[in-house]
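Per chain, numbering begins at 1; letters A, B, ... match sequence-line order.
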Amino acid sequence: MLHRPVPRAGDVVRFDRGEGEGRVQRSPEAGGEVRHLVEGTRAPLPDPFLDLPRPVRRRSARLEERRQPGPSAVSRLREQFRSCAFRHPPLLDPPLLAGVAENRLSSAAFRTSRDRFRTDSLTPRALLTKLSLPTERREPASLETALRDAGCGQVEASWSGREVRVIGWVHRRRDLGGLFFVDLRDRSGLLQLSFGPEWSDAAVLELVAELNPEDVVQAAGIVAPRPEPNPDMITGEIEVRVSSLRRVSVSDPLPILVYQPPDEELPSEELRLRHRILDLRRPEMQRNLRLRHVATNAVRASLTEQGFVEIETPLLTRQTPEGARDYLVPSRVHQGQFFALPQSPQLYKQLLMCGGFDRYFQIAKCLRDEDLRADRQPEFTQIDVEMAFVEQDDVFRAAEKMFARIWRDGLGRDLPVPFRRLPHAEAMARYGTDKPDLRIPWEIRDFTDALTGIGFGIFDGAAQGGGRVRGLVVPGGAALSRSRIAHYDKLAQEAGARGALWLKRTADGWSGPPAKVVGEEVADVLEAEFGVGEGDLVFFVAGLDAESSPALDRLRRAAARELGAVDEDGEAWLWITEFPLYHRDPDTGLPVPAQHAFTMPADPDPERLREDPLSVNAVAYDIVYNGIEFASGSIRCHLPEVQRVILEATGLAPEEVEARFGFLLEAFRYGVPPHGGFAVGMDRVVAEMAGCPSIRDVIAFPKTAAARGLLERSPSSVTPAELDELGISVTGEAGNGT
RNA sequence: GGGGCUGUAGCUCAGUCUGGUUAGAGUGCCGGUCUGUCACACCGGAGGUCGCGGGUUCAAAUCCCGUCAGCCCCGCCA
């Protein structure tokens with residue numbers, strides 16, 4: 001049921017309100033995103049693309065709709081969305097689709113700047129997910145208190161004729177002169193209160209006429225069926241005819257609205273954070289945080305079932321082996337000394353294994369003083385899991401069970417477990433990254449044999465320099481224009497390669513920089529061995545793998561998105577295994593631990609570790625979901641002599657080793673169980689489940705990109721007396737906050 | 001530390017490229033009309049240090065420099 005033809009550039013489209021028309025443009029610009037624009041008298045977003053539900057203003061149409069009780073707005077949206085996005089994936093531009101729907105739902109939007117759609121993690125599927133969350137359902141817990149008989153969203157049609165008391169915020173008020181309607185809101189939903197002279201006395205009518213949005217009011221009245229039910233509301237069949245009304249709390253005029261007009265963008269992120277309590281009242285934020293709660297609960301339930309024990313570890317600790325900058329806390333008692341806030345409970349969880357707690361977990365706050373991103377906050381949450389007397393497979397099973405439970409409870413879906421496994425080296429070779437998005441079917445291929453020695457200098461030079469010619473066959477890529485290809489070339493350069501070369505095969509033959517050296521023989525190989533058909537494009541990146549892999553990864557993801565080759569309907573879970581134990585620090589040339597210094601080598605031979613540490617793999621693994629790293633872990637090294645060699649290989653002096661990790665090494669002297677575990681980036685997982693582009697939308701009180709709390713105005717300066725007590729003097733600007 | 005985008009009414013935005021009447025729209029707010037609305041509708045009104053500072057110019061929301069804030073990216077960070 002596709003409702004309208006897919007608009008093409010130049011089409012004239014009418015806006016929903018019929019107030020004008022515009023012309024569709026398709027402009028490749030703004031960071032390479034393909035976007036559609038509609039030029040016209042109204043509507044920054046191209047509304048007419050989808051027949052998304054919205055109330056029709058003309059009354060007759062509205063009544064017509066009501067008389068035939070159909071599916072709710074949400075389920076209609078879901079249906080239309082599915083048919084548009086999934087039956088015609090090559091025709092519709094997913095970012096656009098996501099943009100329209102997201103805007104229409106007025107949910108946590110990807111508003112970064114108007115020139116850019118943030119759609120990396122915002123897929124139609126994710127939106128569908130969002131629409132079918134359990135939190136959309138009627139709240140099952142009784143919300144009865146001394147002040148109310150039920151939550152607003154809990155009042156049922158079968159209660160008609162009964163008197164109920166409810167309390168909540170005034171969401172919207174409609175004043176028809178003699179009649180008033182108030183949508184009352186609490187966490188359980190909206191409930192329509194109606195006021196009229198037949199059932200409300202004069203004092204009540206006088207009060208309701210004065211109510212402001214977000215006042216808190218308590219109302220009592222009779223539940224009654226509505227003359228015209230509203231199928232878009234959970235409580236749409238009924239209303240409460242209010243006979244008594246009490247204003248419990250008065251709201252000032254609002255700096256940002258809780259009610260979100262459907263045509264309007266969300267207030268700026270800055271205002272949303274400054275007035276976070278109002279932002280949190282919006283149903284989308286309520287839903288996100290409640291989904292987070294469901295996920296957290298699922299974690300506790302699954303791990304508890306599997307015999308794990310939740311144990312807390314200290315927040316005031318010492319600096320840990322992770323590489324990030326620490327948040328420091330001055331000690332008043334020991335002036336000049338500092339606690340560090342934990343970057344993760346890594347060392348403690350290993351100590352707990354030594355302490356005899358076989359299976360431990362914790363939903364732990366972790367803190368890192370580094371620069372931020374959309375998916376990074378200075379404080380974030382990890383699900384930290386460790387188990388003893390295990391090998392890798394045992395850890396995998398525990399993690400898979402846990403994620404299956406999260407998806408089951410949070411999204412109502414079953415996961416395909418066990419997850420697929422892919423060794424790190426293979427991932428790098430086939431996808432150019434250690435977190436491949438397997439929803440994209442394309443793989444990187446090695447063209448070195450086929451394309452060297454045929455007279456193309458760049459390819460020959462790469463091979464002679466110890467590199468390879470690798471490439472990506474892009475089915476249907478011949479449709480890409482020269483300017484688009486130039487854009488991909490730039491992407492490859494940004495990713496560290498010298499650039500991307502290309503070869504197109506069209507009905508007219510081959511084109512592209514190496515085309516003149518593609519003879520019949522080479523053409524045959526490209527077709528037979530690499531499957532390059534008419535209408536396809538091949539990108540080549542020549543050089544060392546270390547340079548070409550990131551570039552090919554970038555090309556693969558960007559081109560797949562532009563050409564609609566990402567299976568938006570699918571979910572791709574996998575384990576990446578057999579990470580290298582070390583990689584080489586480009587500055588010092590020294591080996592640095594790829595994960596952390598306590599990972600078990602796949603080959604725990606001290607000789608090899610000394611001779612050729614970079615060749616040793618680790619028993620370390622990641623969980624990758626749709627190209628996003630969800631979790632990371634390893635089997636730890638419980639062999640003290642091997643551990644010492646591992647640390648020495650990094651160039652640490654024995655005294656340093658002793659100072660930083662002495663307490664762990666000491667624990668290892670009294671009988672260490674073989675152990676291992678993993679840690680999950682909880683914020684990212686929940687953001688993915690909720691379909692949010694930023695983890696800020698699944699955190700109640702997040703910090704800005706400059707690590708500031710706009711609500712509580714943190715950080716702040718402190719008095720000289722306090723500093724003095726801590727033995728601290730501040731150099732530079734003391735700051736002007738309070 | 002570096003790059004990019006943004007900053008105009010309480011909010012969302014147009015106007016900036018190409019300097020030139022009194023800076024506009026929607027929404028919210030205030031007043032009025034309205035007995036079945038649910039984005040209620042209709043009529044009227046108030047509301048602006050164009051982020052801030054400096055410069056260019058007869059003239060700056062518009063051009064230039066600096067600065068602050070928010071967002072995105074690189075560096076950094078598992």
Side-chain angles (χ1 to χ4, degrees), chain A residues 17 19 30-31 41-44 54-59 62-63 66 106 109-116 118 120 171-183 190 192-198 205 212-213 226-233 235-236 239 241 252-257 259-275 278 322-325 343-344 346 366 368-378 380 382 434-435 494-496 579 593-596 620 622 629-634 678-681 684 693-694 696 704-706 708 710:
Chain A
R17 286 179 173 178
E19 289 169 12
T41 52
R42 261 196 67 80
R54 72 167 12 186
V56 177
R57 192 162 269 195
R58 279 171 299 115
R59 227 180 98 191
R62 175 121 221 140
L63 290 176
R66 290 281 166 69
S106 66
F110 45 89
R111 184 190 184 288
T112 58
S113 82
R114 67 197 157 135
D115 286 337
R116 232 186 127 115
R118 273 275 308 169
D120 282 349
H171 191 60
R172 278 182 85 71
R173 184 176 56 122
R174 292 174 292 281
D175 175 354
L176 274 62
L179 279 181
F180 297 83
F181 298 95
V182 169
D183 292 332
L190 289 176
Q192 175 166 291
L193 308 178
S194 75
F195 300 80
E198 288 166 36
L205 290 174
N212 305 321
R226 293 197 206 177
E228 295 290 347
N230 181 346
D232 293 342
M233 287 174 76
T235 59
E239 65 185 9
R241 302 201 166 166
D252 280 351
L254 300 169
I256 62 174
L257 301 181
Y259 165 76
Q260 197 54 38
D263 269 353
E264 219 162 88
E265 298 264 11
L266 284 177
S268 71
E269 188 103 24
E270 185 177 356
L271 286 167
R272 287 181 55 204
L273 292 178
R274 182 155 288 143
H275 306 288
L278 293 175
E322 284 91 350
R325 212 172 286 126
Q343 296 182 22
S344 81
Q346 181 59 38
C366 303
R368 292 177 192 167
D369 186 6
E370 294 291 349
D371 290 339
L372 306 180
R373 294 281 188 281
D375 62 350
R376 261 195 253 156
Q377 282 276 301
F380 60 99
Q382 278 190 352
D434 60 5
K435 43 183 187 208
E494 280 170 14
F579 275 79
Q595 305 257 319
H596 57 71
D622 281 358
E629 183 192 315
F630 264 9
S632 182
S634 65
F678 61 93
V680 179
R684 276 182 220 191
S694 161
R696 285 187 300 271
T704 66
R708 230 198 297 268
L710 293 183

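Nearest nucleotide to the A/Leu176 side chain, out of B/rU37, B/rG70, B/rC71: B/rU37. Here the nucleotide nearest the side chain of A/Thr704, chosen from B/rC76, B/rG28, B/rC71, is B/rC71. The nucleotide whose nearest atom lies closest to any side-chain atom of A/Leu257 is, among B/rU12, B/rG28, B/rC77, B/rG28. Counting only heavy atoms from C-beta on, A/Pro261 has its side chain closest to B/rU27 among B/rG36, B/rU27, B/rC11. Distance from the side chain of A/Gln192 is smallest for B/rG36 among the nucleotides B/rG70, B/rG36, B/rC11.
With hydrogens and angles ignored, no donor-acceptor pair under 3.5 angstrom links the side chain of A/Arg373 to the base of B/rC73. Contact of A/Arg368 with B/rC77 (side chain to base): no donor-acceptor pair of N or O atoms is detected under 3.5 Å. Between the side chain of A/Glu264 and the base of B/rG26, a donor-acceptor pair under 3.5 Å is found. The base of B/rC34 lies close enough to the side chain of A/Asp175 for a donor and an acceptor atom to sit less than 3.5 Å apart. Side-chain atoms of A/Arg708 stay outside donor-acceptor range of the base of B/rG70, with no qualifying N/O pair under 3.5 Å.
Look at the P atom in both B/rG36 and B/rG44: the space between them is 23 Å, to the nearest Å. Taking the P atom of each, B/rC74 and B/rU16 are spaced 33 Å apart, rounded to whole Å.
Counting non-hydrogen atoms under 4.0 angstrom, A/Leu190 reaches nothing in the nucleic acid. Residue-level contact check: A/Pro227 touches the bases, meaning some heavy atom is under 4.0 Å from a base atom. Within 4.0 Å (heavy atoms only), A/Phe180 reaches no atom of the nucleic acid at all. Contact annotation for A/Ala679: no contact, since no heavy-atom pair falls under 4.0 Å across all strands. Among the atoms of the strands shown, base atoms are found under 4.0 Å from some heavy atom of A/Pro197.
When the P atom of B/rC40 is taken as reference, atom CG of A/Asp183 falls 8 Å away, rounded to whole Å.
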For nucleotides 44-48 of chain B, list the nitrogen or oxygen atoms of the protein found under 3.5 Å from its nitrogen or oxygen atoms, one pair per line.
none

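Under the side chain to side chain donor-acceptor pair (under 3.5 Å) criterion, A/Gln382 pairs with no residue at all, not counting sequence neighbours. Residues that satisfy the ring-ring contact (aromatic ring centres under 6.0 Å, His included) test with A/Tyr259, not counting sequence neighbours, are A/His171.
For A/Gln343 (side chain) and A/Asp369 (main-chain N/O), no donor-acceptor pair under 3.5 Å exists by modelled atom type.
Side-chain atoms of A/Gln192 and A/Arg174 form a donor-acceptor pair, as typed in the model, at a separation below 3.5 Å.
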